[in-house]
J.: 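My questions will all concern the structure given below.
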Number of protein chains: 2
Amino acid sequence: MPRKRNAHRSPEMPTLADVARLAGVSEITASRVVRAQGPIADATRARVLTAITELGYIPNRAAGSLASAGSTLMSVLLPSLSNIVFPDVLRGIHTALTETAFQPVIGVTDYDPLIEERILVSFLAWQPAAVILAGLHHTPTARRHLEHGRFRVAELMDIDGEPVDIAVGMSHRQAGYETGKHLIQRGYRRFGYARHNVTTDDRASARYEGLCWALHEAGLSLVAEHCYPDASSTKAGRDALAILLAAHPGLDVVVFPNDDMAMGGIFHCMHAGIAVKEKLGIFGFNGLDIGQAMPMPLSTILSKRFLIGKTAAEKLLESRERPPEKTIINTGFDIIEGATA
Amino acid sequence: MPRKRNAHRSPEMPTLADVARLAGVSEITASRVVRAQGPIADATRARVLTAITELGYIPNRAAGSLASAGSTLMSVLLPSLSNIVFPDVLRGIHTALTETAFQPVIGVTDYDPLIEERILVSFLAWQPAAVILAGLHHTPTARRHLEHGRFRVAELMDIDGEPVDIAVGMSHRQAGYETGKHLIQRGYRRFGYARHNVTTDDRASARYEGLCWALHEAGLSLVAEHCYPDASSTKAGRDALAILLAAHPGLDVVVFPNDDMAMGGIFHCMHAGIAVKEKLGIFGFNGLDIGQAMPMPLSTILSKRFLIGKTAAEKLLESRERPPEKTIINTGFDIIEGATA
DNA sequence: GCCTTTTATGGTAGCGCTGTCATAAATCTT
DNA sequence: AAGATTTATGACAGCGCTACCATAAAAGGC
């Protein structure tokens with residue numbers, strides 16, 4: 001016996017067929033009106049539109065996606081939502097997607113490539129139009145899926161490497177290097193570094209390496225570093241600096257992996273009565289607003305997070321076809337001199 | 001002529017039929033293995049699982065969703081991603097959804113009920129299992145859709161009102177009231193308020209009202225308020241306080257709609273040499289980590305954002321059926337005494 | 001041993017939409 | 001005016017999966 005229509009749906013939802021019947025056209029014509037695709041006579045369009053409002057018709061995207069083998073979803077895989085950095089990226093993506101039919105589906109990987117792979121696979125089940133993820137480093141399985149080519153791929157934040165399709169971001173190695181050069185030029189010599197526990201944050205590591213390289217070039221090296229055994233936070237920065245200075249009082253500048261921790265460093269100095277900049281330089285990364293609103297603006301590097309997200313989404317929308325060659329877009333960075341180093 | 005199978009798919013994707021064929025079972029049996037549903041003999045399951053790995057099969061959720069009239073998507077509509085508050089909520093939601101089959105699809109409404117309505121409708125096209133949104137205030141059309149009942153609904157942050165299904169949050173009116181009582185008890189009498197431009201942030205308005213009510217009860221009223229003509233930010237708080245004090249030097253406490261602005265207020269005091277707490281009390285809202293990591297921890301109210309998101313998602317997962325009565329979960333709030341008021 | 005219940009599997013018909021092809025009418029060429 | 005092109009519409013199958021039965025075999029009850 002055939003399944004009764006809508007048997008498993010509580011109140012009947014109007015379908016395209018209902019719209020078509022009411023408007024006195026065929027289903028496919030109604031479909032064309034909904035999708036604004038193909039030539040439609042104005043009078044016909046009007047009739048269909050009226051029918052749609054009258055019935056309160058909402059298209060079923062699952063059916064559409066199934067029939068056309070492609071969805072309007074854009075998978076976004078972010079490492080973390082614990083600070084404002086990735087929400088900023090997401091905001092950029094969302095801004096580019098407003099007024100388009102695309103919708104972001106988000107997943108959080110906790111900086112773990114295996115989790116990234118698992119979430120990616122579950123996202124692919126929706127036949128996304130594009131996949132956005134952070135960094136260029138993925139598991140082999142994930143990379144294989146990404147290279148399959150049925151969807152566009154954007155790898156964000158980092159451009160030091162070979163992207164699958166599009167990469168949008170900056171060179172973190174260079175940012176670290178420029179940080180070192182900038183601070184050396186300003187007379188700092190005895191460098192400290194306050195790290196946090198995320199060993200898989202490739203970008204923080206790249207900045208660290210760049211910094212070391214700049215020091216090396218100048219015949220210097222890190223005097224001290226401390227790894228705070230927990231996630232990055234303002235408190236982590238504050239405590240890390242306290243520990244660092246207790247063991248190495250002679251430091252004249254401390255570089256932090258991000259602004260949150262750097263602000264913690266400043267708070268420690270305020271608390272301990274250390275003159276920031278004169279006695280101890282503090283340098284961060286990200287260029288958060290709050291750091292710039294302080295009485296003594298934080299010296300840091302502005303990463304263009306919103307721009308990265310927005311640019312990536314825009315590029316992905318430009319064409320559904322993956323171009324023959326990989327694209328790298330360098331959004332660059334700005335050194336903010338600030339007043340703390 | 002029938003459409004050639006997979007004609008519009010570049011490289012052929014394996015389907016359930018391929019898996020079933022390889023495993024020597026029927027499609028429906030393979031489907032049951034994939035969904036871990038119904039009784040399956042261990043040997044059969046193993047064969048199907050092997051076939052799945054061998055083919056690299058990824059289920060097509062659009063087809064599944066269409067056939068079963070329900071998806072594993074959870075629509076999340078947030079007012080903003082510009083500060084850490086809603087990312088925290090999202091993090092809570094995501095945490096509850098990890099290890100489940102559900103995936104959050106997110107939209108940003110910019111505190112605009114009309115945008116909320118538009119995004120809601122476009123999300124409903126995916127037949128979501130649940131919808132999560134902020135606040136209890138929606139357009140009539142949106143409310144009608146939400147009440148339709150084919151999916152669970154959670155309204156977050158606010159519990160002062162009548163929810164559609166589940167509400168998880170706190171009473172912002174009461175938070176404002178308690179703020180007022182707390183500050184009055186500490187001896188403050190000449191109150192200022194620094195507002196920002198989002199007039200549609202109902203929760204900030206509710207806190208404001210609660211504060212005014214507490215003042216009224218004590219025979220007091222706001223001495224001054226200033227509305228910063230831009231979005232909330234640390235800089236907004238800093239500038240707003242400067243303006244407020246220029247016009248009303250006699251204020252002894254200023255309440256801010258959130259911690260970001262309150263920190264701006266503290267930064268102004270630091271800059272202008274005003275002794276915070278002794279000369280001018282500063283009070284925020286949210287209980288952000290950064291405020292607590294300052295040398296002088298911010299006096300504020302801790303809103304339990306992560307908990308709200310997590311609780312909501314968990315409650316939604318408990319049953320697919322909407323219960324006969326509406327549920328309100330009060331996650332409460334804590335007054336953080338801090339050192340600034 | 002016969003009947004009931006449970007366990008394991010399959011056949012089949014859609015879910016609601018869109019790709020493909022076909023067709024008819026209107027418009028443009030020369 | 002006859003053909004070529006463009007514009008507007010429709011018929012129909014099928015996207016990949018699962019709900020709804022049906023069935024057969026195994027297990028349990030007395």
Side-chain angles (χ1 to χ4, degrees), chain A residues 1-10 12-21 23-48 52 55 57-72 101 124-127 150, chain B residues 1-10 12-21 23-48 52 55 57-72 101 124-127 150:
Chain A
M1 194 219 295
R3 167 159 48 168
K4 208 161 77 258
R5 185 173 173 287
N6 270 335
H8 54 300
R9 248 160 271 270
S10 3
E12 314 248 330
M13 284 281 284
T15 71
L16 242 203
D18 299 324
V19 171
R21 201 173 311 120
V25 299
S26 70
E27 265 189 76
I28 186 68
T29 300
S31 170
R32 284 184 185 121
V33 172
V34 172
R35 288 178 294 151
Q37 212 229 59
I40 296 287
D42 288 345
T44 310
R45 188 191 342 271
R47 282 215 314 288
V48 173
I52 286 174
L55 295 172
Y57 169 72
I58 296 179
N60 183 330
R61 287 298 315 142
S65 176
L66 179 60
S68 68
S71 79
T72 54
L124 294 185
W126 290 102
Q127 321 260 99
R150 282 180 308 278
Chain B
M1 189 219 296
R3 165 162 46 166
K4 207 161 79 258
R5 184 171 174 288
N6 270 335
H8 54 300
R9 246 161 271 270
S10 0
E12 315 246 332
M13 283 280 286
T15 71
L16 241 203
D18 299 323
V19 171
R21 201 173 311 117
V25 297
S26 71
E27 266 189 74
I28 184 68
T29 300
S31 171
R32 285 185 185 120
V33 172
V34 171
R35 288 177 294 148
Q37 212 229 55
I40 295 287
D42 289 344
T44 311
R45 186 190 345 271
R47 282 213 316 287
V48 174
I52 286 174
L55 295 173
Y57 168 72
I58 295 179
N60 183 329
R61 289 296 315 142
S65 176
L66 179 59
S68 67
S71 78
T72 54
L124 294 186
W126 290 103
Q127 322 258 97
R150 282 180 307 279

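Chain letters run A, B, ... following the sequence lines, proteins first, then strands; residues in each count from 1.
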J.: Check whether any side-chain N or O of R35(A) sits under 4.0 Å from OP1 or OP2 of dG19(C), and answer yes or no.
T.: yes
J.: Let's see if you can work this out: which of dG16(D), dC15(D), dG10(C) has an atom nearest to the side-chain heavy atoms of A67(A)?
T.: dC15(D)
J.: If you compare every side-chain N and O of S26(B) against the phosphate oxygens of dG10(C) (OP1, OP2), does one of them come in below 4.0 Å?
T.: yes
J.: Does a side-chain heavy-atom distance below 4.5 Å link W126(B) with T72(A)?
T.: yes
J.: Give the nucleotide from the list dC17(C), dC17(D), dA19(D) with an atom nearest to the side chain of T15(A).
T.: dC17(C)
J.: In whole angstrom, give the distance that lies between atom CD1 of I28(B) and atom P of dG10(C).
T.: 10 Å
J.: Return the value, rounded to whole Å, for the distance between atom CG of D42(A) and atom P of dA8(D).
T.: 8 Å
J.: Q37(B) has an atom CD; how far is it from atom P of dT9(C), in whole Å?
T.: 15 Å
J.: Would the base of dG16(C) count as contacting R61(A) through its side chain, where contact means a donor and an acceptor less than 3.5 Å apart?
T.: no
J.: Taking all non-hydrogen atoms of both residues into account, name the closest pair between A30(A) and V48(A) and its distance.
T.: CA-CG1, 4.0 Å
J.: Whole Å only: how far is the CG atom of N60(A) from the P atom of dC15(D)?
T.: 18 Å
J.: Once you round to the nearest 0.5 Å, how far does CZ of R45(B) lie from CD1 of I52(B)?
T.: 11.0 Å
J.: Between P on dG11(C) and CZ on R32(B), what's the gap in Å once rounded to a whole number?
T.: 12 Å
J.: If you look at every heavy atom in A125(A) and P59(B), which pair is closest and at what distance?
T.: CB-O, 3.1 Å
J.: Give the rounded distance in Å between these two atoms: CZ of R45(B) and P of dT7(C).
T.: 13 Å
J.: Of all the nucleotides listed (dT9(D), dT7(C), dG10(C)), which has the minimum atom distance to the side chain of V25(B)?
T.: dG10(C)
J.: Return the value, rounded to whole Å, for the distance between atom CG of L16(B) and atom P of dG14(C).
T.: 20 Å
J.: Return no unless some side-chain N or O of T44(B) is found under 4.0 Å from OP1 or OP2 of dT9(C).
T.: yes
J.: In whole angstrom, give the distance that lies between atom CG of L66(B) and atom P of dG14(D).
T.: 17 Å
J.: Are side-chain heavy atoms of L55(A) and V19(A) found at a separation under 4.5 Å?
T.: yes
J.: Taking for each residue the nucleotide of DNA chain C bearing the nearest heavy atom, is the 5' side occupied by A41(B) or by A63(A)?
T.: A41(B)
J.: Strictly below 4.0 Å: does S31(B) bring a side-chain N or O up to OP1 or OP2 of dT18(D)?
T.: yes
